Amino acid sequence: MLKVLTIAGSDCSGGAGIQADIKTITVHKQYAMSVITAVTAQNTTGVYGIMDVEPEFVAKQIDCVFCDIKPDAVKIGMVSNKDIIEVIADKLEYYKAKHIVVDPVMVSTSGNRLLCKEAEETLKTRLLPIAELITPNIPEASVLSEIEISKREEMEEAGSRLKKWVTGSVLIKGGHSKEQADDLLCWNNNINWICGERVANPNTHGTGCTLSSAIACNLAEGNNIYESVKKAKEYVTGALNAKLKLGVGSGPLNHSYLI
Ligand SMILES: Nc1ncnc2c1ncn2[C@@H]1O[C@H](COP(=O)(O)OP(=O)(O)OP(=O)(O)O)[C@@H](O)[C@H]1O
Ligand SMILES: Cc1ncc(COP(=O)(O)O)c(N)n1
């Protein structure tokens, strides 16, 4: 059985973070492992508290995973501070982790900061370079590329700029765009639009977490970046289409549609 590790924050309401990742990996019939970087108190209406895990304890969790059940792919989500980012980068380099997908989570859908402003530079210099693929949404791609994005041409410009300084590939997710839900993939020397219907569903909590963990599963299976992203996008579209109405705010996806 293929094994996928998620390194991310816990969402007690089950829609995003570690919980979304474990559901996604399980539906992909793979074995899920988790290293928790922070415990959040949140639900469909917002994030009400964040308790970071001590960096040494993040390191200890990574050691326990890699010394025993070595993952075939790793997804990294919410990492709130510099010290946690440093230990994750050190450990993944040490263990020569394969197929690393980094979702550079900065702010939740509900508008709360999940990464401290001071840690943005460390995310850029330590985590993005070890990724096979990074998956910023439009606001994150704007911060990282320093390009204001409001239309497709600007997504392309930001993608090309990011591709120049990350070693791996770049996927700019289009969920925040006003038009289609099309994502832009810059890989090798290719730029491809991964197009998808915009599902009329306000319950999009955890779409980014779900997409990145599905990509990690597809890479673990041996698919190339393009195929991995395409299949993962289909998974997210299916989970949005299988509408679930939970909570009073922006609710979670329905992962059970394939079971
Ligand atoms: N309404 C929608 N219909 C179809 N696909 C969508 C919709 N909203 C988001 N997506 C897709 O979901 C994936 C995640 O994109 P999005 O831009 O929402 O990321 P994100 O902001 O990181 O997600 P999150 O809400 O978890 O923070 C992308 O593939 C995007 O195209
Ligand atoms: C632990 C954790 N990780 C990631 C997100 C981002 O997801 P969203 O933008 O859908 O709130 C989140 N809210 N919580």
Side-chain angles (χ1 to χ4, degrees), residues 6-24 34-53 75-80 84 101-115 133-144 149 152 155 158 171-185 192-215 218 228-243 247 249-254:
T6 163
I7 303 180
S10 159
D11 168 5
C12 57
S13 64
I18 288 280
Q19 287 78 359
D21 297 339
I22 292 179
K23 290 172 199 181
T24 304
S34 60
V35 164
I36 299 183
T37 57
V39 179
T40 70
Q42 66 171 297
N43 57 27
T44 62
T45 66
V47 179
Y48 299 95
I50 298 178
M51 191 171 75
D52 286 339
V53 172
K75 171 250 156 93
I76 305 175
M78 173 189 173
V79 282
S80 57
I84 295 178
V101 178
V102 174
D103 182 6
V105 175
M106 292 181 181
V107 177
S108 70
T109 308
S110 50
N112 303 84
R113 272 214 86 89
L114 299 175
L115 169 79
L133 175 72
I134 65 168
T135 65
N137 61 21
I138 288 177
E140 291 154 356
S142 277
V143 170
L144 296 172
I149 304 173
R152 284 166 88 92
M155 272 172 91
L171 178 73
I172 304 184
K173 298 170 292 190
H176 293 245
S177 132
K178 302 255 171 333
E179 303 141 15
Q180 308 300 108
D182 296 344
D183 302 343
L184 178 81
L185 177 64
N192 294 108
W193 281 97
I194 314 282
C195 299
E197 53 165 320
R198 174 165 287 280
V199 181
N201 182 352
N203 300 308
T204 57
H205 181 49
T207 45
C209 305
T210 301
L211 185 81
S212 54
S213 46
I215 295 171
N218 295 332
S228 297
V229 171
K230 220 167 148 23
K231 286 184 181 177
K233 178 141 177 73
E234 282 160 19
Y235 178 79
V236 172
T237 307
L240 277 166
N241 264 322
K243 293 178 182 159
S250 176
L253 304 186
N254 188 348

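One-based numbering, in listed order, for ligands and for the atoms of each. One is the number of the first residue; the rest follow in order along the sequence. Bear in mind that the values here come from a model prediction, so they are computed numbers and not experimental data.
Residues Thr207 and Lys173 are not in side-chain contact: their nearest non-hydrogen atoms beyond the backbone lie 4.5 Å or more apart. Counting heavy atoms from C-beta outward, His205 and Asn203 have side chains that stay 4.5 Å or more apart. Residues Lys75 and Cys209 are in side-chain contact: their nearest non-hydrogen atoms beyond the backbone lie under 4.5 Å apart.
Backbone and side-chain nitrogen or oxygen atoms of Asp182 are examined, and none is located within less than 3.5 angstrom of a nitrogen or oxygen of ligand 1. Annotation: Val199 places an N or O atom under 3.5 Å from an N or O atom of ligand 1; distance criterion only. At a 3.5 angstrom cut-off on N or O pairs, Gly174 does not count as close to ligand 1. On a distance-only criterion, Asn201 and ligand 1 share no N/O pair closer than 3.5 Å.
Ala8 does not count as a contact of ligand 2, since none of its heavy atoms falls under 4.0 Å from the ligand. Between Glu197 and ligand 1 there is a heavy-atom distance shorter than 4.0 Å. At least one heavy atom of Thr109 sits less than 4.0 Å from an atom of ligand 1. For the pair Gly206 and ligand 1, a heavy-atom separation below 4.0 Å is found. Residue contacts with ligand 2: Gly206 is included, with a non-hydrogen atom under 4.0 Å away.
Here is the list of ligand 2 atoms found below 4.0 Å of a heavy atom in Met78: 1 (C), 3 (N). Distances below 4.0 Å separate heavy atoms of Gly9 from the following atoms of ligand 2: 1 (C). The atoms of ligand 2 that sit less than 4.0 Å from any heavy atom of Gly17 are 1 (C), 2 (C), 3 (N).
Here the shortest heavy-atom distance to atom 21 (O) of ligand 1, taken over His176, Arg198, His205, belongs to His176. The nearest non-hydrogen atom to atom 12 (O) of ligand 1, considering only Asn137, Leu171, Thr207, Ile172, comes from Thr207. Of all the listed residues (Thr210, Leu114, Thr204), Leu114 holds the heavy atom that lies closest to atom 6 (C) of ligand 2. Across the listed options Asn241, Ile194, Val229, Asp183, Asp183 owns the non-hydrogen atom lying nearest to atom 30 (C) of ligand 1.
A donor-acceptor distance shorter than 3.5 angstrom exists from the side chain of Thr37 to the backbone of Met78, with no hydrogens or angles considered. Remark: the backbone N or O of Trp193 is not paired with any side-chain donor or acceptor of Asp182 at under 3.5 angstrom. Side-chain atoms of Thr40 come within 3.5 Å of backbone atoms of Ser10 as a donor-acceptor pair (strictly under, hydrogens ignored). A donor-acceptor distance shorter than 3.5 angstrom exists from the side chain of Asn254 to the backbone of Ala242, with no hydrogens or angles considered. The backbone N or O of Gly249 sits less than 3.5 Å from a side-chain atom of Thr44, completing a donor-acceptor pair. A donor-acceptor pair is defined here as one N or O able to donate and one able to accept, closer than 3.5 Å; such a pair exists between the side chain of Ser250 and the backbone of Pro202.
At a cut-off of 3.5 Å, with distance as the only test, no side-chain donor of Gln42 or Asn112 sits close to an acceptor on the other residue.
When non-hydrogen atoms are compared, ligand 1 lies under 4.0 Å from the side chain of Val236 (C-beta onward) but not from its backbone. Here Ser108 has heavy atoms under 4.0 Å from ligand 2 in both its backbone and its side chain. Contacts with ligand 2 closer than 4.0 Å are made by side-chain heavy atoms of Cys209 only, the backbone lying farther away. Looking at Lys233 against ligand 1, only its side chain comes within 4.0 Å, counting heavy atoms. If you look at Asp103 next to ligand 1, there are no close heavy atoms at all, none under 4.0 Å. Residue-level proximity to ligand 2 for His205 is carried by backbone and side chain together, each with a heavy atom below 4.0 angstrom.
Summary of contacts: the protein heavy atom closest to atom 6 (C) of ligand 1 is Leu240 CD1, 3.5 Å. When only non-hydrogen protein atoms are considered, atom 8 (P) of ligand 2 lies nearest to Thr109 OG1, 3.0 Å. Looking only at protein heavy atoms, the nearest one to atom 13 (N) of ligand 2 is Gln42 OE1, 3.1 Å. Among all protein heavy atoms, the one lying closest to atom 15 (O) of ligand 1 is Lys173 CB, 3.6 Å. The protein heavy atom nearest to atom 7 (O) of ligand 2 is Ala16 CB, 3.7 Å. The single protein non-hydrogen atom nearest to atom 9 (C) of ligand 1 is Gly175 CA, 3.5 Å, given as residue, atom name and distance. For atom 26 (O) of ligand 1, the nearest protein heavy atom (residue, atom name, distance) is Gly208 N, 2.8 Å.
A 6.0 Å sphere centred on NZ of Lys233 holds more than 12 heavy atoms belonging to other residues, nucleotides or ligands.
When each of Asn192, Ile194, Asp183, Ile215 is paired with Lys230, the side-chain contact (heavy atoms from CB on, under 4.5 Å) condition holds for Ile194 and for no other.
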Step-by-step side chain to side chain contact (heavy atoms under 4.5 Å, CB included) determination, Glu140 to Ile134: CA-CA 11 Å; Glu140 291 154 356; Ile134 65 168; over 6 Å; no
Task: Ile50 and Arg113: CA distance, side-chain angles, deciding distance, side chain to side chain contact (heavy atoms under 4.5 Å, CB included) verdict - done: CA-CA 10 Å; Ile50 298 178; Arg113 272 214 86 89; over 6 Å; no
